[in-house]
Amino acid sequence: MMGSGGGMRAGRGFMTEEEKANAPKVTGALLKRVFSYLNPYRGQMTLVFVCIIVSALLSTMPSILTGRMIDEGLIAGSLPTLVKLILLSLAVTLGANLIGVGQSYLNTWIAQHISYDMRCQMFRHLQKMSQRFFTSTNQGEIITRMTGDIAGVESVITNTFSSILSNISTLIVAVAAMYQKNWILATIGILVVPLFALPTRRAGRTRWTLTREAQACNDEINGILNETMSVSGQTLVKLFTREDYEYGRYQEASQKMIRLNIRERLAGRWFMVAVSTFASIGPLLLYLVGGILMMRYNASLTVGDITVLVTLLGRMYGPVNQLLNLQVDWMRSMAMFSRIFEYFDMPVEIETPEHPVTPREYTGAVRFEDVDFSYDGSRQILDDISFELKPGRSIAIVGPSGSGKSTLVNLIPRLYDATGGKVLFDGEDVRNLDLTFLRDSIGVVTQDTYLFNGTIRDNLLYAKPDATEEELLNACERANVMDFLQKQEKGLDTVVGNRGLKLSGGEKQRLSIARVLLKDPSLLIFDEATSALDSISESKIQQAINPLIKTRTSILIAHRLSTILEADEILVLKDGKIAERGTHEQLVRSGGVYTELYETQFKPKGLDRI
Ligand code: ATP
């Protein structure tokens, strides 16, 4: 309704073309939704409104009292009246200010609670979003919505909502008080308002455009910082000796920022000159017309009345200015709300069904029945995959890079759902199982091990928060982390650094094996690192993983012969299809894809003949 109606008209001058185009349709449904967040705080909001109105009334009183001080105190020569009025004026001002403090407190309290509600709702919702969402959405954008947009909403509630009400009340009280004094002067005063409102609108538009440009420039600077100051970015810059280039980019963006900031501040200066010139016209006119009325027409007007009218006119400037700006604020806040709601409305792709089934046995068995998969609905990544992994057995998946190995295993813990066919876990379709149960039953050691910045202990406890010291050490022992731990002065309390970057690739992978061991899953998925590890690290990982494969159901995405040989069956994947399957001996002699992979990748060096 405000999108194209009367409300839009007031702020048109401030909105850029782009903003107008992007302005959300402020529908009844949107407003209802926005207000549904305010609803739990109805009581507090009513109190805020009362405070605003009382404070508007009280803060207008000193201006009126000034008139009486002049007429009844100064001109009438009565000192006691003067003192009485001064004290009264002081008390009223103090009262208004105290109410103002209470109002700010309440306002902030409400805004903080509403933004807390939204933040938590957003966090919960984002946690439910699928892997697809996180791989296709820019991480910066997610963070902006979580922080920037919600902080924006917070300021809307603290500022915009109360500002509308408080400005309107101040204006009404001021206008009423002016008319009560003298209607001619009141009308003149009001007619003068557009004189200062117009330059404000113009300057506001310029400033707004410049602010947006400065924001874009700031984003660019942040982007450069993000790219070059992250650990991997820094390494890339160093290795390609791009320091000067990056510095140049940074310098250029920063210089642009200087120019924009200077222009913006100056636009503000011109604006002040215009506004203060026009603002002084109002009172001067009131003095002139008031004087004429008093001296020529003997109107029942006192010096005090004219002073009151001038003071009241002064009190109108602020609210009128702010109300003119509010239109943009309002549209901007509605845009923020819409952006947040857009996220809330994104359907949760993968969730526990309403009535999950419980498997009869917890064995970690897996079966793929004619499984197809596509990320984008057009390019087929997995094509008609069928295989069975019996309890306690192990399967190695091999295949050229990009053949779909990781995609295949991601379907088991439902990071994605198959687009065709069925994936069964413990004899049940994974889509019928409780998601927490399913994911708790599967331990994945990924290729790209993710450790968060903390100690080794923190990282291990993530899998099992109540693990005892003994369990931790036992897991480390079995994952072959012990010799590394013993070399560390602080043992389990060694800090692993940003994303575990203080550890070697082999150490990280062994730690993540220990982490999975603590979880004690019924199915183990091991995505072997493709990156070359030295033979000592490799054999340490092998020693950690081999006993595991023997004792539990496992799937290994294998890149090394030693791992492949541990598996009971090998599936060879090519272009998303199972090209071959069997044991190493069978496959290596078949002369197919596996033989080729063996020759190029797996064959131990120095072995020319099979
Ligand atoms: P590697 O051995 O190199 O890890 P892989 O066999 O595990 O390869 P996948 O990671 O399963 O291969 O990828 C299979 C195909 O799917 C690739 O062509 C890849 O480009 C594509 N792909 C992978 N992840 C996504 C994604 N999130 N969105 C779209 N396409 C993807």
Side-chain angles (χ1 to χ4, degrees), residues 357-369 371 385-399 405-406 408-415 418 421-447 463-464 471 474-475 477-480 509-510 512-528 539-573 578 580-587 594:
V357 291
T358 321
R360 252 166 275 138
E361 278 185 307
Y362 304 130
T363 59
V366 174
R367 200 161 81 233
F368 273 56
E369 290 179 2
V371 171
I385 303 279
S386 297
F387 69 90
E388 179 162 18
L389 172 61
K390 295 224 165 72
R393 310 285 287 172
S394 55
I395 278 184
I397 302 177
V398 299
K405 304 180 292 290
S406 308
L408 187 150
V409 298
N410 283 345
L411 300 185
I412 310 171
R414 287 190 76 194
L415 291 184
K422 255 204 267 187
V423 176
L424 294 104
F425 182 77
D426 281 346
E428 299 292 344
D429 189 329
V430 286
R431 283 169 290 205
N432 297 334
L433 291 170
D434 180 274
L435 209 53
T436 315
F437 158 78
L438 176 72
R439 290 181 180 163
D440 272 349
S441 311
I442 302 172
V444 189
V445 178
T446 48
Q447 207 179 85
K464 190 177 181 199
E471 282 175 303
N474 181 284
E477 181 84 54
R478 284 163 60 205
N480 234 337
Q509 200 155 47
R510 278 181 285 144
S512 77
I513 294 173
R515 190 159 63 176
V516 163
L517 278 174
L518 278 169
K519 193 176 168 189
D520 195 24
S522 52
L523 171 70
L524 177 76
I525 297 174
F526 180 60
D527 195 347
E528 192 168 48
S539 79
K540 278 185 181 155
I541 291 179
Q542 219 59 56
Q543 283 166 25
I545 204 87
N546 288 358
L548 288 175
I549 301 171
K550 293 263 180 306
T551 52
R552 70 185 76 215
T553 324
S554 17
I555 297 182
L556 317 158
I557 299 182
H559 298 285
R560 278 180 266 281
L561 187 62
S562 46
T563 318
I564 300 172
L565 291 177
E566 288 302 318
D568 299 307
E569 193 188 4
I570 301 164
L571 296 185
V572 185
L573 223 58
I578 298 185
E580 295 160 19
R581 62 172 78 192
T583 61
H584 172 70
E585 283 73 25
Q586 291 163 351
L587 291 173
Y594 186 80

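For the single chain, residues carry numbers from 1 onward in sequence order. Since we're looking at a predicted model, the values are computed, not measured.
The 12-atom threshold is exceeded at NZ of Lys519, counting heavy atoms of other residues, nucleotides or ligands nearer than 6.0 Å. Within a 6.0 Å sphere centred on CZ of Arg581, heavy atoms belonging to other residues, nucleotides or ligands number more than 12.
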- Message: Quick one, Leu571 with Phe368, criterion side chain to side chain contact (heavy atoms under 4.5 Å, CB included). Give me CA distance, side-chain angles, the key distance, then yes/no.
- Response: CA-CA 12 Å; Leu571 296 185; Phe368 273 56; over 6 Å; no
- Task: Test side chain to side chain contact (heavy atoms under 4.5 Å, CB included) on Asp426 and Thr363 and set out the steps.
- Result: CA-CA 6 Å; Asp426 281 346; Thr363 59; 3.3 Å; yes
- Worked check of side chain to side chain contact (heavy atoms under 4.5 Å, CB included) between Asn474 and Leu517: CA-CA 9 Å; Asn474 181 284; Leu517 278 174; over 6 Å; no
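For the pair Leu408 and Ile557, the minimum side-chain heavy-atom distance is 4.5 Å or more. By the 4.5 Å heavy-atom criterion applied to side chains, Phe526 and Ile513 are counted as neighbours. For the pair Leu561/His584, a side-chain contact is recorded, criterion being any heavy-atom separation below 4.5 Å from C-beta on. Contact annotation: the side chain of Leu389 approaches that of Leu523 to within less than 4.5 Å [non-hydrogen atoms, C-beta and beyond].
Atom-to-atom distance recorded for Arg414:CZ and Phe425:CZ is 13.5 Å, nearest 0.5 angstrom. The line from CG of Leu424 to CD1 of Ile412 is 11.0 Å long, rounded to the nearest 0.5 Å. Atom NE2 of His559 sits about 9.0 Å away from atom CD1 of Ile564, to the nearest 0.5 Å. The distance from the CD1 atom of Ile525 to the CG atom of Asn410 is 8.0 Å, given to the nearest 0.5 Å. In this structure, the separation between NZ on Lys550 and CZ on Arg393 is 11.0 Å, given to the nearest 0.5 Å. Note that the OG atom of Ser441 and the CG atom of Leu433 stand 8.0 Å from one another [nearest 0.5 Å].
Counting all heavy atoms, side chain and backbone alike, Gly582 lies closest to Gln586 at CA-OE1, 3.2 Å. For the pair Ala418 and Val423, the tightest heavy-atom approach, listed with the atom from each and the gap, is CB-CG2, 4.4 Å. The two residues Ala475 and Leu518 come nearest to each other via the heavy atoms CB-CG, 3.8 Å. Taking all atoms of both residues into account, the shortest heavy-atom contact from Ile578 to Ser386 is CD1-O, 3.6 Å. The two residues Ile570 and Thr583 come nearest to each other via the heavy atoms CD1-C, 3.9 Å.
With hydrogens and angles disregarded, no donor-acceptor distance shorter than 3.5 Å links the side chain of Glu566 to the backbone of Ile549. At distances below 3.5 Å, not a single donor-acceptor pair connects side-chain atoms of Lys422 with backbone N or O atoms of Glu428. A donor-acceptor contact shorter than 3.5 Å links the side chain of Arg510 to the backbone of Asn480. Between the side chain of Asp527 and the main chain of Val445, no donor-acceptor pair closer than 3.5 Å is present. With hydrogens and angles ignored, the 3.5 Å screen pairs a side-chain donor or acceptor of Lys405 with a backbone N or O of Gly399. Between the side chain of Arg552 and the backbone N or O of Pro521, at least one donor-acceptor pair lies under 3.5 Å. For Ser394 (side chain) and Leu556 (main-chain N/O), no donor-acceptor pair under 3.5 Å exists by modelled atom type. In terms of modelled atom types and a separation under 3.5 Å, the side chain of Arg439 and the main chain of Pro413 share a donor-acceptor contact.
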